[in-house]
Amino acid sequence: MTISSETRVVAIIGHPVKHSISPLMHNAAFRHLGLDYVYVAFTVSPGVLGEAVSGVRALGIAGLNVTVPHKQHIMQYLDTIDPEASFMGAVNTVVNRDGKLSGHNTDGRGFMKSLDEGGIDVSGKRVLVLGAGGASRAVSYCLGEKAGRLYIYNRTAERARRLVEDLSINFNNVEHLPDLGDIGGMDVVVNATSLGLKDSDPPPCDTSMLREGQVAVDLIYRETSFLREASAKGLRTLDGTGMLLWQGVLAFELWTGKTPPVEVFREALA
Ligand code: ATR
């Protein structure tokens with residue numbers, strides 16, 4: 001990779017960002033395609049987010065990935081937000097076109113691509129999403145378009161009800177599941193809670209109620225206790241690695257207009 005005075009910069013901002021593997025994925029793809037871009041990571045404290053966005057404009061940074069804790073707060077500093085990101089209430093990708101910053105969210109579409117790739121077809125299926133936070137909101141929006149019926153369960157029922165209410169503006173196949181008694185009747189169960197981020201976390205539901213023939217999906221990108229227990233019961237499982245990969249592919253397309261080589265992303269991830 002040769003950095004010149006023409007090289008365009010894309011960056012991830014977050015706090016922390018040190019663990020991010022996005023620089024590896026995107027730089028490998030830029031190199032592979034011979035694109036004169038470089039991807040770097042900036043640790044941005046919450047108190048200086050507005051200044052960081054001004055910096056993006058001032059320096060002509062071509063685009064951003066945005067991660068915790070800025071996905072919501074960055075929206076106020078952007079010129080436009082696409083409808084999906086607006087529904088999700090969160091932006092994970094920013095594109096700078098001649099100083100105009102647009103906000104997008106590739107998490108939901110990335111998740112759907114990972115299901116496709118894993119051969120998991122949710123059309124006409126009964127899909128249960130566990131959790132009603134930011135991650136759930138992103139995937140539920142896209143699942144609502146495709147699933148036969150979409151159920152949302154959350155520890156805090158009020159939050160699930162609010163998400164169902166918001167989704168019902170666009171979809172008529174979404175309902176709140178007040179308890180998990182019916183989990184055995186679902187075709188696909190998605191863990192969109194933060195349970196599993198820590199090794200010691202228990203699964204987000206009683207896995208003894210799962211049955212063979214169901215599919216268990218986790219947004220967390222490794223084998224969580226949920227996936228381990230589901231797999232032991234004979235369920236098909238999918239972790240969040242594919243979502244991480246595909247949200248990156250979609251962001252790359254937004255910045256460059258080019259499709260990155262997925263295998264290069266996958267190698268960098270591995
Ligand atoms: P994210 O952006 O990762 O979705 P979030 O918005 O903080 O993070 O949402 C976390 C989700 O995990 C929520 O659905 C949360 O449930 P509550 O709304 O009841 O807080 C869920 N969650 C976190 N810890 C949990 C736990 N110990 N048991 C059950 N659900 C939990």
Side-chain angles (χ1 to χ4, degrees), residues 12-17 19-22 46 49 65-75 81 84-93 103-112 114 127-144 150-167 174-183 186 188-210 216-222 224-230 238-244 246-248 251:
I12 181 165
I13 60 168
H15 193 269
V17 282
H19 60 276
S20 174
I21 44 121
S22 293
L49 178 61
N65 270 147
V66 184
T67 187
V68 177
H70 301 315
K71 284 182 164 189
Q72 288 86 27
H73 301 297
I74 197 166
M75 296 173 80
I81 310 282
E84 267 183 36
S86 179
F87 172 86
M88 293 168 188
V91 156
N92 78 336
T93 303
H104 310 263
N105 194 316
T106 63
D107 285 335
R109 300 273 151 220
F111 175 71
M112 298 309 283
S114 78
V127 179
L128 168 62
V129 174
L130 306 170
S136 166
R137 201 164 258 273
V139 300
S140 296
Y141 184 87
C142 293
L143 282 169
L150 177 64
Y151 301 86
I152 312 281
Y153 168 84
N154 193 46
R155 173 179 64 179
T156 310
E158 184 44 38
R159 214 170 168 198
R161 275 196 290 268
R162 205 172 327 124
L163 175 55
V164 169
E165 214 173 279
D166 291 348
L167 287 164
V174 188
E175 70 182 79
H176 171 222
L177 202 67
D179 64 67
L180 291 175
D182 278 346
I183 199 165
M186 300 295 157
V188 180
V189 180
V190 181
N191 176 30
T193 74
S194 42
L195 277 177
L197 283 174
K198 286 193 290 243
D199 266 337
S200 55
D201 281 344
C205 62
D206 176 1
T207 53
S208 70
M209 292 165 76
L210 296 173
V217 181
D218 210 311
L219 305 191
I220 295 169
Y221 36 93
R222 63 190 173 78
T224 56
S225 55
F226 172 59
L227 294 188
R228 206 162 37 244
E229 292 181 22
L238 183 77
D239 72 22
T241 314
M243 176 176 173
L244 176 67
W246 285 102
Q247 65 73 31

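Just so you know, ligand 1 is whichever comes first in the structure, and atom 1 is the first atom listed for that ligand.
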Identify the protein atoms, limited to N or O, that lie within less than 3.5 Å of an N or O atom of ligand 1, and list each pair with its distance to 0.1 Å.
residue: ligand 1; atom: 4 (O); partner: Gly134; partner atom: N; Å: 3.1
residue: ligand 1; atom: 4 (O); partner: Ala135; partner atom: N; Å: 2.9
residue: ligand 1; atom: 6 (O); partner: Gly134; partner atom: N; Å: 3.1
residue: ligand 1; atom: 6 (O); partner: Arg159; partner atom: NH2; Å: 3.1
residue: ligand 1; atom: 12 (O); partner: Ser194; partner atom: N; Å: 3.1
residue: ligand 1; atom: 12 (O); partner: Ser194; partner atom: OG; Å: 3.4
residue: ligand 1; atom: 14 (O); partner: Ala132; partner atom: N; Å: 2.9
residue: ligand 1; atom: 14 (O); partner: Asn154; partner atom: OD1; Å: 2.6
residue: ligand 1; atom: 16 (O); partner: Asn154; partner atom: OD1; Å: 3.2
residue: ligand 1; atom: 18 (O); partner: Asn154; partner atom: ND2; Å: 2.8
residue: ligand 1; atom: 18 (O); partner: Arg159; partner atom: NH1; Å: 2.8
residue: ligand 1; atom: 19 (O); partner: Arg155; partner atom: NE; Å: 3.0
residue: ligand 1; atom: 19 (O); partner: Thr156; partner atom: N; Å: 3.0
residue: ligand 1; atom: 19 (O); partner: Thr156; partner atom: OG1; Å: 2.4
residue: ligand 1; atom: 20 (O); partner: Arg155; partner atom: NH2; Å: 2.9
residue: ligand 1; atom: 27 (N); partner: Arg155; partner atom: NH1; Å: 3.2

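For Glu175, the salt bridge (charged side-chain N to carboxylate O under 4.0 Å, His left out) test picks out Arg149, with sequence neighbours left out. For Ala90, the side chain to side chain contact (heavy atoms under 4.5 Å, CB included) test picks out Lys71, Gln72, Asn105, with sequence neighbours left out. Shown here are the side chain to side chain donor-acceptor pair (under 3.5 Å) partners of Asp218, two or more places apart in sequence or in another chain: Asn191, Thr224.
Residues Asp206 and Leu180 form no side-chain contact, since every pair of their non-hydrogen atoms from C-beta on lies 4.5 Å or further apart.
Under the 3.5 Å distance criterion, the side-chain polar atoms of Arg222 are left unmatched by any main-chain donor or acceptor of Thr241.
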From CA spacing to verdict: side-chain contact (heavy atoms from CB on, under 4.5 Å), Leu163, Val174: CA-CA 10 Å; Leu163 175 55; Val174 188; over 6 Å; no
